[in-house]
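For reference, the structure is listed below as structure tokens.
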Amino acid sequence: MRILVAGGAGYIGSHTCLVLLEAGHEVIVADNLCNSKEESLRRVQQLTGKPILFYPVDVTEEAAVEKIFQEQHIDGVIHFAGLKAVGESVEQPVRYYYNNVVSTLTLCKVMKRHGVNKFVFSSSATVYGENAIPFVETMQLLPTTNPYGETKVMSERILTDVAAVEPDWSVALLRYFNPIGAHPSGRIGEDPQGIPNNLMPYVTQVASGKRERLRVWGNDYPTVDGTGVRDYIHVMDLAEGHVRALEKLCEEKGVLVYNLGTGHGVSVLQLVHAFEKANDLTIPYDICPRRAGDIAEFYADASKAERELGWKAARTIEDMCRDSWNWQRQNPQGYEV
Ligand code: NAD
Ligand code: UFG
């Protein structure tokens, strides 16, 4: 298939482009590079030996998206083009709602005009809010407490409503848990701008000496060791999940919702210790007060994706720790060479 990957230069997008190319699909990327570098795409092409057609466009701009669809035959769209910093979304709600919701609407509008009817959407476990664990796809969604989370709920709703009136459409809503890790080559990986918000990029920057100490946000949660528990998933497993979901959309119409997680919870300190062990390093840390808005513990019920897509996360927490460090070590300045 010929797939338009919106946001394909980013962290999850670049790994998904690689897996798509390796699976024999053709890839067209639309990305405005607001949180990424074109270098990621150059490296994906190097690793695969296959070309990517790149459009440096903002997918909220209808005329620019229209031009892509006029110039290229497209069989399906994967939409990664979102802003994703939870704290920033509280500070800049208009920017977040505009970017994340209008991008979904614009893609839908142009796809409809061109008769393209397969849509894979990057959603998030955040849509479950503070639900009972494990999170199951059938749960009623609870409020998310921040604009970022609401943009995911809204985009899911928009796509569900579109699919309800377009009998030929098939939509996959993929709810990611916590992606970490990198391609085992260490050539592509997560390249956060500024001080990382997320745990693993912070840990790797402490390991490299770029940051002094990790701050562990709270050790008084009702969890195994008091620190927050998450379902960390290797980005390569996640990328493979997208390709399986896309293939499923060729067989089935309507809306398909899948958790993409491992089904296992890992605490902050467990992750830190796994990282130390996998890489034979020490990560100095301080226990600090809880971070506002954090949930104590969540992980996926990952059985639906296994049952229906034949997909199951295969890589271990050690793989994730080793590959994250391998990327950081080889690219201390990210894609800035
Ligand atoms: P990322 O920032 O690395 O990738 C997003 C890409 O989209 C970037 O290359 C950015 O430049 C591009 N982009 C953003 N807005 C755009 C626009 N209007 N037009 C064109 N390009 C645009 O983030 P990521 O971690 O790869 O996340 C990809 C998607 O997955 C996002 O929608 C994010 O919300 C979602 N998600 C991420 C996580 C996570 O922890 N990384 C968890 C759940 C969901
Ligand atoms: N943490 C620390 N210190 C840090 C960073 C994080 O102790 O410097 C802790 C957090 O308190 C939490 C755990 O590590 O317990 C994971 O935190 P992340 O920021 O890495 O991830 P979150 O689960 O908070 O959020 C991520 C994404 C969201 C997404 C959510 C669910 O950032 O966009 O997963 O998919 F919505």
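Just follow the structure's listing: the first ligand is 1, and inside any ligand the first atom is 1.
Ring geometry, H79 versus F119: the interplanar angle exceeds 60°, so the pair is classed perpendicular (tilted spans 30 to 60°).
When the options S155, G7, P179, S123 are ranked by their closest heavy atom to atom 7 (O) of ligand 1, first place goes to G7. For atom 36 (N) of ligand 1, the nearest non-hydrogen atom from the set Y55, Y176, F121, F177 comes from Y176.
Counting heavy atoms closer than 4.0 Å to ligand 1, residue S103 contributes nothing at all. Contacts between N32 and ligand 1, counted as non-hydrogen atom pairs separated by less than 4.0 Å, involve both the backbone and the side chain. Heavy atoms of L33 found under 4.0 angstrom from ligand 1 belong exclusively to the backbone. Contacts between E190 and ligand 1, counted as non-hydrogen atom pairs separated by less than 4.0 Å, are absent for every part of the residue.
Checking S122 against Y176 by side-chain atom types alone, a donor-acceptor pair falls below 3.5 Å. Defined by atom type and a distance below 3.5 Å, a donor-acceptor pair is present between the side-chain atoms of T104 and S155. Residues E150 and T144 have side chains that bring a donor and an acceptor to within less than 3.5 angstrom of each other. When only modelled atom types and interatomic distance are considered, E156 and S123 share a side-chain donor-acceptor pair under 3.5 Å. Side-chain atoms of Q70 and H114 form no donor-acceptor pair, as typed in the model, at a separation below 3.5 Å.
Between G10 and ligand 1, at least one pair of N/O atoms sits closer than 3.5 Å. Polar contact check, K84 against ligand 1: a nitrogen or oxygen pair lies under 3.5 Å apart. Residue N99 places at least one N or O, backbone or side chain, under 3.5 Å from an N or O of ligand 1. Checked against a 3.5 angstrom limit, the closest N/O atoms of A9 and ligand 1 fall outside it. Where the criterion is an N or O separation shorter than 3.5 Å, residue side chain and backbone included, D31 meets it with respect to ligand 1. Taking only nitrogen or oxygen atoms, main chain and side chain alike, S36 reaches within less than 3.5 Å of ligand 1. Inclusion of D58 in the set of residues having an N or O under 3.5 Å from an N or O of ligand 1 is warranted.
Counting only heavy atoms of the protein, atom 32 (O) of ligand 1 lies nearest to K152 NZ, 2.9 Å. Of all protein heavy atoms, the one lying nearest to atom 34 (O) of ligand 1 is Y148 OH, 2.7 Å. Ranking protein heavy atoms by distance to atom 19 (N) of ligand 1, first place goes to V59 N, 2.9 Å. If you check which protein heavy atom lies closest to atom 28 (C) of ligand 1, you get F80 O, 3.5 Å. Closest to atom 3 (O) of ligand 1, if we only count protein heavy atoms, is Y11 N, 2.8 Å. In this structure, atom 26 (O) of ligand 1 lies nearest to the protein heavy atom I12 N, 2.8 Å.
Evaluated for a side chain to side chain donor-acceptor pair (under 3.5 Å) with Y258, the options K248, E308, R244 yield exactly one hit, E308. Checked against V120 for a side-chain contact (heavy atoms from CB on, under 4.5 Å), the options V5, L256, L246 give a single hit: L246. Partner of D323 under the side chain to side chain donor-acceptor pair (under 3.5 Å) criterion, chosen from H183, R315, H234: H234. With F121 as the fixed residue, the side-chain contact (heavy atoms from CB on, under 4.5 Å) test singles out one of L174, I158, L173, I78: L173.
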Would you mind writing out a table of all protein N or O atoms found under 3.5 Å from any N or O atom of ligand 2, naming both atoms and giving the distance to 0.1 Å?
{"from": "ligand 2", "atom 1": "3 (N)", "to": "R215", "atom 2": "O", "distance (Å)": "2.7"}
{"from": "ligand 2", "atom 1": "3 (N)", "to": "W217", "atom 2": "NE1", "distance (Å)": "3.3"}
{"from": "ligand 2", "atom 1": "7 (O)", "to": "R215", "atom 2": "O", "distance (Å)": "3.4"}
{"from": "ligand 2", "atom 1": "7 (O)", "to": "W217", "atom 2": "N", "distance (Å)": "2.9"}
{"from": "ligand 2", "atom 1": "11 (O)", "to": "D294", "atom 2": "OD2", "distance (Å)": "2.6"}
{"from": "ligand 2", "atom 1": "17 (O)", "to": "R291", "atom 2": "NH2", "distance (Å)": "3.4"}
{"from": "ligand 2", "atom 1": "19 (O)", "to": "N198", "atom 2": "ND2", "distance (Å)": "3.1"}
{"from": "ligand 2", "atom 1": "19 (O)", "to": "R291", "atom 2": "NH1", "distance (Å)": "3.4"}
{"from": "ligand 2", "atom 1": "19 (O)", "to": "R291", "atom 2": "NH2", "distance (Å)": "2.8"}
{"from": "ligand 2", "atom 1": "20 (O)", "to": "N198", "atom 2": "ND2", "distance (Å)": "3.4"}
{"from": "ligand 2", "atom 1": "20 (O)", "to": "L199", "atom 2": "N", "distance (Å)": "2.8"}
{"from": "ligand 2", "atom 1": "21 (O)", "to": "N178", "atom 2": "ND2", "distance (Å)": "3.1"}
{"from": "ligand 2", "atom 1": "23 (O)", "to": "N178", "atom 2": "ND2", "distance (Å)": "2.9"}
{"from": "ligand 2", "atom 1": "23 (O)", "to": "R230", "atom 2": "NE", "distance (Å)": "2.6"}
{"from": "ligand 2", "atom 1": "24 (O)", "to": "R291", "atom 2": "NH2", "distance (Å)": "2.9"}
{"from": "ligand 2", "atom 1": "32 (O)", "to": "N198", "atom 2": "ND2", "distance (Å)": "2.8"}
{"from": "ligand 2", "atom 1": "34 (O)", "to": "N178", "atom 2": "ND2", "distance (Å)": "3.4"}
{"from": "ligand 2", "atom 1": "35 (O)", "to": "S124", "atom 2": "OG", "distance (Å)": "3.2"}
{"from": "ligand 2", "atom 1": "35 (O)", "to": "Y176", "atom 2": "O", "distance (Å)": "3.2"}
{"from": "ligand 2", "atom 1": "35 (O)", "to": "F177", "atom 2": "O", "distance (Å)": "3.2"}

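Note on V162: it clusters hydrophobically with M154, by side-chain heavy-atom contacts below 4.5 Å among ILVMFWY residues.
Within 6.0 Å of atom CZ in R211, more than 12 heavy atoms from other residues, nucleotides or ligands are found, so the atom counts as buried in its surroundings. In this structure, K312 places its NZ atom where only 12 or fewer heavy-atom neighbours from other residues, nucleotides or ligands lie under 6.0 Å away. Around the CD atom of Q193, the shell of radius 6.0 Å holds more than 12 heavy atoms that belong to other residues, nucleotides or ligands.
Atoms of ligand 1 lying under 4.0 Å from at least one heavy atom of N35, given by number and element, are 1 (P), 2 (O), 10 (C), 11 (O). Proximity to C34 (heavy-atom distance under 4.0 Å) selects the following atoms of ligand 1: 10 (C), 11 (O), 13 (N), 14 (C), 15 (N). If you number the atoms of ligand 1 from 1 as listed, the ones under 4.0 Å from a heavy atom of S122 come out as 29 (C), 30 (O), 32 (O), 35 (C).
In this structure, R175 does not count as a contact residue of ligand 1, since none of its heavy atoms falls inside 4.0 Å of the ligand. Distances from ligand 1 to the non-hydrogen atoms of V57 include at least one value under 4.0 Å.
Because its NZ or CZ atom is not both nearer than 6.0 Å to the ring centre of F135 and within 45° of the ring axis, R175 does not count as a cation-pi partner of that residue.
Two residues are said to be in side-chain contact when any heavy atoms from C-beta on lie closer than 4.5 Å; D31 and L41 fail this criterion.
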ask   = Passes side-chain hydrogen bond (donor to acceptor under 3.5 Å, both in side chains), R230 versus N198? Steps please.
value = CA-CA 12 Å; R230 298 290 183 271; N198 297 118; over 6 Å; no

